[in-house]
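The figures that follow rest on heavy atoms only: side chains count, while hydrogens, waters and symmetry mates do not. Worth saying up front: this structure is predicted, and the values here are computed from it rather than measured. FYI, the numbering just counts along the sequence from 1.
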Amino acid sequence: QHYYITNNLSSAKMEFMGPREEAPQEQKILCCECGTLITPNPANMCVACIRTRCDISENIPKQVILHFCRFCERYLQPPSTWILCALESRELLALCLKKLKGLNKVRLVDASFIWTESHSKRIKVNVTIQGDAFGTILQQQFVVEYTVHYQMCEVCCKQKGSDGECWRALVQIRQRTIHKKTLFYLEQIILKHNMHKDPMTIKEMEGGINFYYQAKNNARKMVDFLMAMIPCQYKTSQELVSHDIQSNIFNYKYTFFVEITRICKDEVVCLPVSVSRYLNHMSQVAICTRISDNIHLMDPITLKIGQLNAGQYFRDAFDAICHQKQLREFMVMNIEPIFNQDKQYGSYSHKHQLADVWVLPLNSLGTDDQENEIHTRTHLGNIIQCGDYVLGFDVAHAVVNNQVFDKIKQGQLPDIVLVKKIYPEKVKRNKGRNFRLKHLRKNSAAETVTDDGNDGDYNDFLEDLEEDPELRKNINLYKREQKPQWMADAEEVLAPKVGLEELLDDLVLDVADTDQDGNMMTDDAENAGS
């Protein structure tokens with residue numbers, strides 16, 4: 001205590017002053033590792049010793065894999081986004097940092113690329129971070145190496161799926177016939193029900209079509225659709241691609257083989273005895289009138305009709321004894337309708353008219369055999385007249401390689417089986433149609449099929465559409481926008497036509513989206529990717 005005395009003339013006063021304040025001195029301790037004088041901390045170690053003992057980047061991986069599509073040159077941004085990034089770009093640096101797990105637990109200070117060779121498939125990034133260790137903020141710098149692995153993106157898979165190894169399920173559709181009319185019909189019902197959106201790619205093969213899928217469920221959906229729309233059967237197989245022993249995961253490729261019935265519209269068939277008895281003792285020589293989810297058969301002599309589903313057909317499978325391309329042309333010389341028919345048990349057709357008809361082969365006109373007319377009974381009594389042309393199966397002069405047909409007695413067989421009526425001026429009829437169809441974009445791989453044969457089968461299919469209204473129910477027909485100059489002459493052809501009320505309006509397409517006949521093409525790859 002200090003006392004200060006002051007003298008004053010009037011009085012003497014004494015004041016008290018407190019002690020002087022001095023700045024406290026900072027306490028220091030020695031580092032427990034190196035003995036350096038440091039400020040006390042919870043670890044009792046200097047920064048250098050803490051850095052040697054603790055690694056704040058231990059939870060951050062130093063080697064990471066980047067997936068790169070070499071076809072479109074894009075990188076995969078998890079989970080399923082593909083982005084286009086240039087080397088040493090800001091976008092690529094952001095993608096690399098997003099691939100680092102545990103980076104959110106520290107503070108990112110800086111990141112930059114380290115130069116590497118472009119062909120080395122390595123990307124190096126120098127990363128600087130800050131983190132807390134024992135109450136001390138540490139800053140650390142390390143290098144992360146990214147390895148570039150090739151992987152095809154979804155878009156490239158759809159384009160290269162038929163030739164690559166990226167597809168997971170395959171649907172093979174096959175039919176053992178000499179024409180492609182059934183496949184044309186199948187193509188149209190697939191377009192109508194939008195079943196062409198799921199496949200990665202569609203490839204046309206000899207005798208059928210291949211549909212490539214990325215998932216087994218989509219392939220199974222296509223198989224179920226085919227089983228409901230056309231008579232067919234399928235078989236499945238699988239191939240082991242890879243196997244993870246530790247996680248017990250198997251990676252398979254699945255194949256569905258769909259076989260369509262060998263019977264087509266307007267073909268003459270020879271039924272086995274068991275099938276004939278099942279169809280109320282129908283004649284063994286019958287005509288296939290239509291193919292839907294069942295096979296529709298008719299006896300041309302009695303108009304008795306019957307149906308077979310896929311299971312019944314493949315249980316007692318039979319082949320056609322005469323295809324449409326093997327039919328001969330005949331000219332109708334005389335016809336007498338039959339109105340009083342003795343109908344027994346069974347179902348009979350009400351759309352056809354039974355008639356006795358006398359025909360002459362077209363190549364016999366103007367020869368000595370012109371007077372040898374052939375008599376037969378037909379179901380075309382309501383649509384043919386004298387002078388019309390018909391297609392028929394000449395049973396008397398045909399050589400048939402069929403065991404069931406050989407067992408039939410000659411007295412039970414007709415001389416000629418008339419199948420359908422044909423119309424003259426076929427060229428004008430083909431050019432003058434007022435409708436067009438959509439088609440799938442297919443990668444053709446059928447080398448043995450010629451274009452002439454495809455055009456002939458396709459024109460026959462279009463004629464069937466014009467002549468059969470029931471066949472047009474499952475198909476979308478579109479109007480022709482521009483009427484050709486020769487269509488006026490084609491309208492004078494006496495042949496069945498499709499009414500304008502059955503045609504649909506469609507968007508105006510570019511020239512690149514149509515073929516030579518004006519038919520529209522659909523891009524299945526783009527639809528599948530949308």
(message) I'd like to know whether Leu360 forms a side chain to side chain contact (heavy atoms under 4.5 Å, CB included) with Ile374, so could you lay out the CA-CA distance, the side-chain angles of the two residues, the decisive distance to 0.1 Å, and finally the verdict.
(response) CA-CA 6 Å; Leu360 190 67; Ile374 305 175; 5.9 Å; no
Please report, to 0.1 Å, the donor-acceptor pairs under 3.5 Å made by any side chain of residues 311-319, with sequence neighbours excluded.
from   : atom 1 : to     : atom 2 : distance (Å)
Gln312 : OE1    : Asn309 : N      : 3.3
Gln312 : NE2    : Tyr278 : OH     : 2.6
Tyr313 : OH     : Phe318 : O      : 2.8
Asp316 : OD2    : Ser274 : OG     : 3.2
Asp319 : OD1    : Arg262 : NE     : 2.4
Asp319 : OD1    : Arg262 : NH2    : 2.9

Closest heavy-atom pair and its distance - [X], [Y]:
| X | Y | answer |
| --- | --- | --- |
| Phe71 | Met152 | CE1-CG, 3.7 Å |
| Cys72 | Cys153 | SG-SG, 3.5 Å |
| Val395 | Pro414 | CB-O, 3.2 Å |
| Thr378 | Val357 | CG2-CG1, 3.7 Å |
| Asp299 | Val285 | OD1-O, 3.9 Å |
| Pro231 | Ile291 | CD-CG2, 3.9 Å |

Rounded distance [0.5 Å steps], [atom1] in [X] versus [atom2] in [Y]:
| X | Y | atom1 | atom2 | answer |
| --- | --- | --- | --- | --- |
| Ile287 | Leu380 | CD1 | CG | 7.5 Å |
| Tyr348 | Leu303 | OH | CG | 9.0 Å |
| Leu226 | Ile260 | CG | CD1 | 7.0 Å |
| Arg377 | His375 | CZ | NE2 | 6.5 Å |
| Ser283 | Lys304 | OG | NZ | 9.5 Å |
| Glu206 | Arg174 | CD | CZ | 9.5 Å |

So do [Y] and [X] actually touch side chain to side chain, heavy atoms under 4.5 Å?
| X | Y | value |
| --- | --- | --- |
| Phe257 | Ser237 | no |
| Lys265 | His296 | no |
| Phe68 | Glu73 | yes |
| Ile190 | Phe211 | yes |
| Phe330 | Asp388 | no |
| Leu465 | Leu437 | yes |
| Val258 | Val171 | yes |
| Arg168 | Lys253 | yes |

Crowded around [X] [atom1]? As in, over 12 foreign heavy atoms under 6.0 Å?
| X | atom1 | answer |
| --- | --- | --- |
| Asp406 | CG | yes |
| Lys421 | NZ | yes |
| Lys192 | NZ | yes |

(message) On the six-membered ring of Tyr150, is Arg70 placed so that its NZ or CZ lies under 6.0 angstrom from the centre and within 45° of the ring axis?
(response)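 Judged by the rule (NZ or CZ under 6.0 Å from the ring centre, within 45° of its axis), Arg70 counts as positioned above Tyr150.
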(message) Tell me whether Lys216 forms a cation-pi arrangement with Tyr254, defined as NZ or CZ under 6.0 Å from the six-membered ring centre and within 45 degrees of its axis.
(response)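 Yes, Lys216 sits over the ring of Tyr254.
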Are the side chain of [X] and the backbone of [Y] linked by a donor-acceptor contact shorter than 3.5 Å?
| X | Y | result |
| --- | --- | --- |
| Arg472 | Glu466 | yes |
| Thr376 | Val417 | no |
| Glu267 | Cys264 | yes |

(request) Give the intermediate values and the outcome of side chain to side chain contact (heavy atoms under 4.5 Å, CB included) for residues Ile335 and Asp356. (result) CA-CA 6 Å; Ile335 181 172; Asp356 288 328; over 6 Å; no
(request) Measure centre to centre between the rings of Phe184 and His439, then say whether the value is under 6.0 Å. (result)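 Phe184 vs His439: aromatic centres not under 6.0 Å.
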(request) For side chain to side chain contact (heavy atoms under 4.5 Å, CB included), just list the numbers for Gln214 and Trp167, CA-CA rounded to whole Å, side-chain angles, deciding distance to a tenth of an Å, and then say yes or no. (result) CA-CA 5 Å; Gln214 200 170 7; Trp167 58 270; over 6 Å; no
Donor-acceptor pair between [X] and [Y] side chains, under 3.5 angstrom:
| X | Y | value |
| --- | --- | --- |
| Gln175 | Lys180 | no |
| His67 | Gln77 | no |
| His243 | Tyr252 | no |

(message) Taking the basic N atoms (NZ, or NE/NH1/NH2) and the acidic carboxylate oxygens, is any pair closer than 4.0 Å for Asp464 and Lys420?
(response)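 Yes, charged N to carboxylate O under 4.0 Å.
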(message) side chain to side chain contact (heavy atoms under 4.5 Å, CB included), that's the test. Do His352 and Met298 meet it? Break it down for me.
(response) CA-CA 10 Å; His352 301 86; Met298 183 180 62; 3.8 Å; yes
(message) Checking side chain to side chain donor-acceptor pair (under 3.5 Å) between Asp457 and each of Lys181, Lys325, Gln324, which is the one that passes?
(response)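 Option passing the side chain to side chain donor-acceptor pair (under 3.5 Å) with Asp457: Lys325.
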(message) side chain to side chain donor-acceptor pair (under 3.5 Å) for Gln188 and His193? Distances and angles first, verdict last.
(response) CA-CA 9 Å; Gln188 297 304 317; His193 295 84; over 6 Å; no
(message) Applying side chain to side chain donor-acceptor pair (under 3.5 Å) to Tyr234 and Arg220, what does each step give before you reach the verdict?
(response) CA-CA 11 Å; Tyr234 72 95; Arg220 183 71 189 186; 2.9 Å; yes
